[in-house]
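Report on the following structure.
All values derive from a computational prediction rather than experimental measurement.
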Amino acid sequence: MPDQLTDAELLDLTVRVPEHVVHRAFVAETVVLNLQTGRYHGLNPSAGRMLAVLESEGRIRTAADTIAEEYEQPLELIERDLAKLCRQLLERRLIEFTGGTPG
Amino acid sequence: MSAHRLFGIELHADLDLPGAAASGPSPTAAQVELRRADAAGLAAWPDDGIAVWKTQLEGAGFTALSTADRRLAIAWGDDCRFLFDIAGRSLLWEAPDPTDPAWQRLLLDTVAYLVALELGREALHAAAVVIDGAAVAVAAPSGGGKSTLTAALLSRGARLLSDDIVVVEPVAEGILAHPGPPLMSVPAADPLPGHEVLDAFGRELWTVVPVVDEPQPLRSLVLLDRRPAAEERSERVAPSPLPLIPRLLAHPRTAERERRRFVLAGDLADAVPIHRLVADSATPPNELAERVFAIAHAHEEALEMDDVHA
């Protein structure tokens with residue numbers, strides 16, 4: 001369960017956007033639709049970019065490296081923000097671990 | 001037999017229906033045959049399915065059932081029925097008096113767009129007019145002032161594209177808006193001079209109004225928000241599907257169609273400028289019509305500038 005994992009453990013996992021989730025980036029926000037719940041979610045541009053990189057990279061730690069380089073920010077800061085975002089997305093089933101939930 | 005083009009379909013009817021028939025065959029509209037149910041058709045009428053819509057229309061119960069064998073069975077009151085076979089594209093009807101304007105309005109205003117949705121079309125709950133060669137859609141909830149505003153736009157020279165439901169289609173160049181039936185429900189207090197009134201329904205006059213009979217590029221979308229004591233303003237809305245999703249008709253309610261509507265709302269937000277027009281409930285429709293014309297012309301000028309610099 002994500003809330004039982006430390007940030008370091010979480011960062012070593014791989015995630016994907018499930019089939020039942022669609023998303024699209026706009027200038028002011030990224031809009032995410034969970035087709036299973038019918039709920040829409042709005043992400044600010046930074047969180048939207050994180051989702052896009054997570055989707056392309058899979059491994060959360062690799063995504064953090066990419067984003068830190070892109071935003072020219074300390075890796076530790078990005079890892080903390082990305083771990084927090086991942087927990088929120090996992091809670092809403094907007095991303096999932098590949099190969100099922102660990103633990 | 002007459003052909004009527006509406007909501008992106010072409011209805012080939014075995015009876016005369018109000019409004020002008022289509023001027024020629026459409027290369028893109030799905031062809032649907034409308035014919036009276038014979039004994040065999042009546043015998044095969046389904047009585048079981050998933051209710052996709054239940055409401056009251058003109059004082060009579062209206063029910064639409066989706067069947068397991070991909071048919072849509074519609075019942076209105078005690079003795080009016082429609083059965084749409086999605087695969088066969090045939091729409092059977094049964095009614096005691098097919099010249100009854102209430103039945104004809106049900107067919108052309110409601111059943112026809114349900115058929116279009118079943119055939120894969122997507123639609124906005126909006127009115128649309130054509131101003132200087134491009135469509136402007138005005139979306140508002142029922143009772144939100146669409147009809148009075150549309151009537152005011154027509155009196156200022158706009159041409160009707162659709163009264164209440166606008167089928168929209170993404171194409172390479174943007175978004176196309178398809179014409180509805182050449183008919184309009186006009187507020188009885190504000191009739192359209194020079195147009196034939198077919199019947200009165202409550203506080204509405206069902207009126208013949210010619211439509212632009214080809215799909216038009218959608219140039220702008222106005223979200224009309226009228227409420228008491230509102231301060232009048234018109235503002236451009238940041239591109240997002242979120243204000244558009246509630247304006248798209250949510251039928252059929254399947255995951256595949258929800259996904260498609262999400263994509264369409266995104267395409268709309270990317271391709272079509274969206275404005276929110278807020279006004280007091282008492283603002284005269286002519287003033288709102290001026291605002292809509294200004295919005296339409298602003299985007300026309302922007303397009304011309306783009307052309308110059310292209």
Side-chain angles (χ1 to χ4, degrees), chain A residues 14-58 63 66-67 70-71 81-82 84-101, chain B residues 50-53 66 117 120 122-125 139 141 168-172 174-175 218 220-221 223 234-276 299 302 306:
Chain A
T14 302
V15 293
R16 67 182 167 208
V17 176
E19 271 290 302
H20 64 264
V21 172
V22 285
H23 60 96
R24 184 156 168 173
F26 295 87
V27 174
E29 64 183 341
T30 289
V31 179
V32 188
L33 166 61
N34 183 336
L35 288 159
Q36 282 182 344
T37 62
R39 289 196 66 178
Y40 290 85
H41 306 265
L43 301 180
N44 67 34
S46 300
R49 179 65 191 144
M50 286 182 175
L51 176 62
V53 175
L54 278 171
E55 186 174 36
S56 61
E57 298 287 1
T66 302
I67 294 161
E70 194 174 305
Y71 282 74
D81 287 352
L82 189 58
K84 184 180 173 189
L85 176 68
C86 284
R87 290 181 199 281
Q88 292 172 334
L89 295 174
L90 287 161
E91 186 185 344
R92 292 164 178 79
R93 298 185 182 179
L94 301 177
I95 58 172
E96 64 187 10
F97 294 116
T98 56
T101 306
Chain B
I50 298 167
V52 292
W53 195 14
S66 182
L117 295 179
E122 302 293 352
L124 287 165
H125 185 194
V168 284
E169 178 186 11
V171 292
I175 301 288
L218 184 59
S220 45
L221 172 60
L223 306 176
S234 169
E235 61 198 8
R236 180 89 179 259
V237 177
S240 168
L242 291 179
L244 304 178
I245 295 285
R247 320 289 181 159
L248 287 167
L249 301 185
H251 175 82
R253 207 178 272 274
T254 64
E256 182 210 336
R257 292 295 290 269
E258 294 287 344
R259 184 188 297 267
R260 201 196 299 176
R261 282 191 277 272
F262 177 79
V263 173
L264 172 62
D267 290 347
L268 266 166
D270 273 341
V272 180
I274 304 164
H275 289 257
R276 180 170 286 112
H299 293 300
D306 286 347

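Judged as a side-chain hydrogen bond (donor to acceptor under 3.5 Å, both in side chains), and not counting sequence neighbours, E91(A) has no contacts.
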Give each N or O donor-acceptor pair spanning chain A and chain B at a distance under 3.5 Å, with atom names and distance to 0.1 Å, or state none.
from	atom 1	to	atom 2	distance (Å)
E19(A)	O	R259(B)	NH2	2.7
R24(A)	NH1	V263(B)	O	3.3
R24(A)	NH1	D267(B)	OD1	2.9
R24(A)	NH2	G266(B)	O	3.3
R24(A)	NH2	D267(B)	OD1	3.0
R24(A)	NH2	D270(B)	OD2	2.7
E29(A)	OE2	S240(B)	OG	2.7

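The two residues P239(B) and F26(A) come nearest to each other via the heavy atoms O-CB, 3.5 Å.
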- Message: Could you go through V31(A) and L242(B), starting from their C-alpha distance and side-chain angles, then the distance that decides it, and tell me whether this counts as side-chain contact (heavy atoms from CB on, under 4.5 Å)?
- Response: CA-CA 8 Å; V31(A) 179; L242(B) 291 179; 3.7 Å; yes

